[in-house]
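Single-structure report; data block below.
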Amino acid sequence: MSQVRVRFAPSPTGALHIGGIRTALYNYLIARQMSGTFILRIEDTDQGRFVPGAEEYIIESLRWAGILPDEGPGFGGEYGPYRQSERKDIYRQHALQMIESGAAYYAFDTPQALEQAREQAKAQGNHAFKYDALSRQQLSNSLTLGEEETRRRLDAGEPYVIRLKVNPGQDICVQDAVRGKVMFCSDELDDKILLKSDGMPTYHLANVVDDHLMRITHVVRGEEWLPSTAHHVLLYRALGWEDDMPAFAHLPLILKPDGKGKLSKRDGLRLGIPVFPIAWHGSTPEESFKGFREFGFLPQAMLNFLAFLGWNPGSEQEIFSLEELIAAFSLEQVSKSGARFDFDKARWFNQQYLHAADGASLAEWVRPIIVEHGFQPEQAQLTAFCELMKERVALLPEFWEKGAYFFTGVQTYDQPNVQKRWNATLKEGLQQLTTHLEMYWAEDATALKAAAEQFMQQHSLKPGEVFPLLRIALAGTMQGPDVFKMMQVLGCANSLARLRNAWEIFDTFASA
RNA sequence: GGCCCGUUCGUCUAGGGGUUAGGACGCAUCCCUUUCACGGAUGAAACACGGGUUCGAUUCCCGUACGGGCUACCA
């Protein structure tokens, strides 16, 4: 079997949304599984929609996700250039070749003329005007104008496009890896533009020519391409490449979390969820978006989540490393229907990865967040903090949101809960307990707890009344990790200072 | 409108001619516990509808409904 070569071919028109990342991922998985090559090709044939920085964004996203291409712009490869705008001549040459063979023709109709034809058709009750075998006879093209007039117009520099000549009456069968056989009839197909009047190819021509020249073996792309695949087959046929046409696989779309239709960047804004892998900085705040990275996702968790949107291994395992995905993935298991984006499920995946990570790795990811808030914790303390907090967070920023008091000290105490429990006798007991802890301080939470419990027993202090107050004294809140583990992370001096400070403040609550 | 694709718990899905239709997220209850989490247990929750084919259809076929995509000198 020939070397597997797959490509991810985005168009640099803005931020790449997660549907694109999923497409890239599936292509990457296939390449790795089959010891093949993963190619990045930039489809920048529409200069009207080209957005500066988009290509860099795409590559940066793939880098963060950990699925960089083997070939592509800036990555080397034998089949470049990998930007379609740099391959204009190649497309033109193939378009001309098709004119030569009669598979394509020149057309001189202006956009205005076509618009008029469309409106006319509409007025007559036709919902869609099609440039096809029937209508082309009434329009200005090399088929109706004759060779001489065509020559004359070309020489005069009149703008023209090159169109595919679709002959009616042909059945076109697309063998799709996820959908099976899909049949089309050429009667329904229009004479697609191959080469635009600015000399750039359309997607269809560029795509087919590049896939052939780059020796692509599998075309794995979104479902929105399924209808135009019929045209692509016709193109392979016209160019004499039908025998080694790539295999096709059309992926189900990713749908909005609510309502109808496919996921869009608007949904991100509307629902406060990420739809991009990393932040995109548009020209206005409304056009700028946080990504999965900024929401506090781990790349592997995002990939795992995305992999399961439209695919599953058939087993009950859900947590897959990239290596495991490579081994388990198959196009046959890709589902046919669209998958709704579920942010809760994404969070859950991330939580699983956070729980499984060790303190040192977490510290590396969490440190920037702590630093951002103006603190420079020691490595050992930060590691211990992460280890302690990791079971109560799903997203990275929650380490700060739920554990800021470790760094800032207690900002506000849960006053109602203090008032409910506080009294003079208890104060005395807690003060003595604090002194006892100072004397019998241990770096180990279990030993520390034993020391406290021993004291409490001797002085008839009940855990139910002591622990909540210790907790509030240390953290300000009733929620959080084990009291003695908190002390362990806080350290002796810090812990005792917090306790003693609280015993004084709690008195003022009681009298308030 | 035309063409193409799809439809199993709210969501992601497994399954497949005869099953108590399985798992996960979310939700609820309980257990664990000094709190919050984690973890564990339990529960509510699904085969779009109508016709066939068949001894038997959620599974196969055909319709209908609904959803989606395409229908540009955009990709």
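Every chain is numbered from 1 and lettered A, B, ... according to where its sequence line falls, protein lines coming before strand lines. Any value given below was found using the heavy atoms of this structure, including those in side chains, with hydrogens, waters and symmetry copies removed.
Residue contacts for A:Ser337: at a heavy-atom cut-off of 4.0 Å it reaches the sugar-phosphate backbone alone, with no base atom in range. Within the 4.0 angstrom heavy-atom criterion, only backbone atoms of the sugar-phosphate kind lie near A:Phe184; the bases stay farther away. Residue A:Asp176 is classed as having no contact, given no heavy-atom separation below 4.0 Å to the nucleic acid. If you check every strand for non-hydrogen atoms under 4.0 Å, A:Pro481 touches a base. As judged by a 4.0 angstrom heavy-atom cut-off over every strand, A:Gly222 is placed among residues making no nucleic acid contact. Looking at heavy-atom distances under 4.0 Å, A:Met183 makes contact with sugar-phosphate atoms alone, never a base. Counting any heavy atom pair closer than 4.0 Å across all strands shown, A:Phe308 reaches sugar-phosphate atoms only and no base atom. Using a 4.0 Å heavy-atom criterion, one finds that A:Gly480 contacts the bases of the nucleic acid, with or without backbone contacts as well. Residue contacts for A:Gly261: at a heavy-atom cut-off of 4.0 Å it reaches the sugar-phosphate backbone alone, with no base atom in range. Note on A:His355: only backbone sugar-phosphate atoms sit closer than 4.0 angstrom, heavy atoms only; bases stay farther off. A:Pro111 comes within 4.0 angstrom of a nucleotide base, judged by non-hydrogen atoms across all strands. Within the 4.0 angstrom heavy-atom criterion, only backbone atoms of the sugar-phosphate kind lie near A:Ala339; the bases stay farther away.
Closest to the side chain of A:Leu309, from the set B:U35, B:C12, B:C4, is B:C12. For A:Pro227, the listed nucleotide lying nearest its side chain is B:C70; candidates were B:C73, B:C70, B:A75. Side-chain proximity of A:Arg49 to the nucleotides B:C74, B:C25, B:U13 is greatest for B:C74. The side chain of A:Met478 has B:U35 as its nearest neighbour among B:C73, B:U35, B:C25. Across B:C5, B:G69, B:U35, the shortest atom-to-atom separation from the side chain of A:Leu253 is found for B:G69. Here the nucleotide nearest the side chain of A:Val182, chosen from B:C4, B:C25, B:C38, is B:C4. With distances taken from any side-chain atom of A:Leu226 to the nucleotides B:C36, B:G2, B:C4, the minimum falls on B:C4. If you check B:G1, B:C70, B:U11 against the side chain of A:Lys262, the one that comes closest is B:C70. Here the side chain of A:Glu43 is nearest to one of B:A75, B:C25, B:C3, namely B:A75. Here the nucleotide nearest the side chain of A:Glu224, chosen from B:G26, B:G69, B:G23, is B:G69.
Across B:U29 and B:G63, the matching C1' atoms stand 45 Å from one another, rounded to whole Å. Across B:A46 and B:U59, the matching C1' atoms stand 15 Å from one another, rounded to whole Å. Taking the P atoms as reference points, B:A75 lies 48 Å from B:C38, given to the whole Å. Spacing of P atoms, B:C30 relative to B:U35, comes out at 15 Å, to the nearest Å. B:U58 and B:U19 are spaced 11 Å apart, taking the P atom of each and rounding to whole Å. Going from the C1' atom of B:U20 to that of B:C3 covers 44 Å, rounded to whole Å. Using atom P as the reference point in both B:G15 and B:G23, the two lie 15 Å apart (nearest Å). Between the P atoms of B:U33 and B:C27, the separation comes to 24 Å (whole Å).
With hydrogens and angles ignored, no donor-acceptor pair closer than 3.5 Å exists between the side chain of A:Arg340 and the base of B:U11. Between the side chain of A:Arg392 and the base of B:C36 there is at least one donor-acceptor pair of N/O atoms closer than 3.5 Å. If you check distances only, the side chain of A:Lys402 never reaches the base of B:A37 with a donor-acceptor pair under 3.5 Å.
Nucleotide B:C3: paired with B:G69 (Watson-Crick or G-U wobble, both distances less than 3.5 Å). A 3.5 Å limit on both hydrogen-bonding distances identifies no Watson-Crick or G-U partner for B:C32. Judged by Watson-Crick or G-U wobble contacts below 3.5 Å, the nucleotide B:A44 has no partner.
For B:U13, the OP1/OP2 oxygens have a side-chain nitrogen or oxygen of A:Ser335 closer than 4.0 Å. The phosphate of B:A75 has OP1 or OP2 within less than 4.0 Å of a side-chain N or O from A:Lys196. When the side-chain nitrogen and oxygen atoms of A:Thr45 are compared with OP1 and OP2 of B:C74, none of them lie within a distance under 4.0 Å.
Here the side chains of A:Phe297 and A:Pro274 are in contact, with some heavy-atom distance below 4.5 Å.
Judged by a 6.0 Å distance limit and a 45° cone about the ring axis, A:Arg163 is positioned over the six-membered ring of A:Tyr131.
Scored by the side-chain hydrogen bond (donor to acceptor under 3.5 Å, both in side chains) test, A:Asn350 finds no partners at all (sequence neighbours excluded).
Between the P atom of B:U33 and the NZ atom of A:Lys485 lies a distance of 14 Å, rounded to the nearest Å. As a whole-Å value, the separation of A:Trp348 CH2 from B:G23 P is 14 Å.
If you run ring-ring contact (aromatic ring centres under 6.0 Å, His included) between A:Phe329 and each of A:Phe308, A:Phe320, A:Tyr26, only A:Tyr26 comes through. For the side chain to side chain contact (heavy atoms under 4.5 Å, CB included) criterion with A:Leu164, the lone passing option out of A:Leu234, A:Asp191, A:Leu205 is A:Leu234.
Between A:Glu55 and A:Pro12 the shortest heavy-atom distance is N-CB, 4.1 Å.
Between A:Phe506 and A:Tyr413, a ring centre-to-centre spacing shorter than 6.0 Å is recorded. Between A:Tyr203 and A:Trp225, a ring centre-to-centre spacing shorter than 6.0 Å is recorded.
Of the two residues near RNA chain B, A:Gly464 and A:Phe129, the one whose nearest nucleotide lies more 5' is A:Gly464.
Ion pairing between A:Glu43 and A:Arg41 holds under the 4.0 Å rule for side-chain N and carboxylate O.
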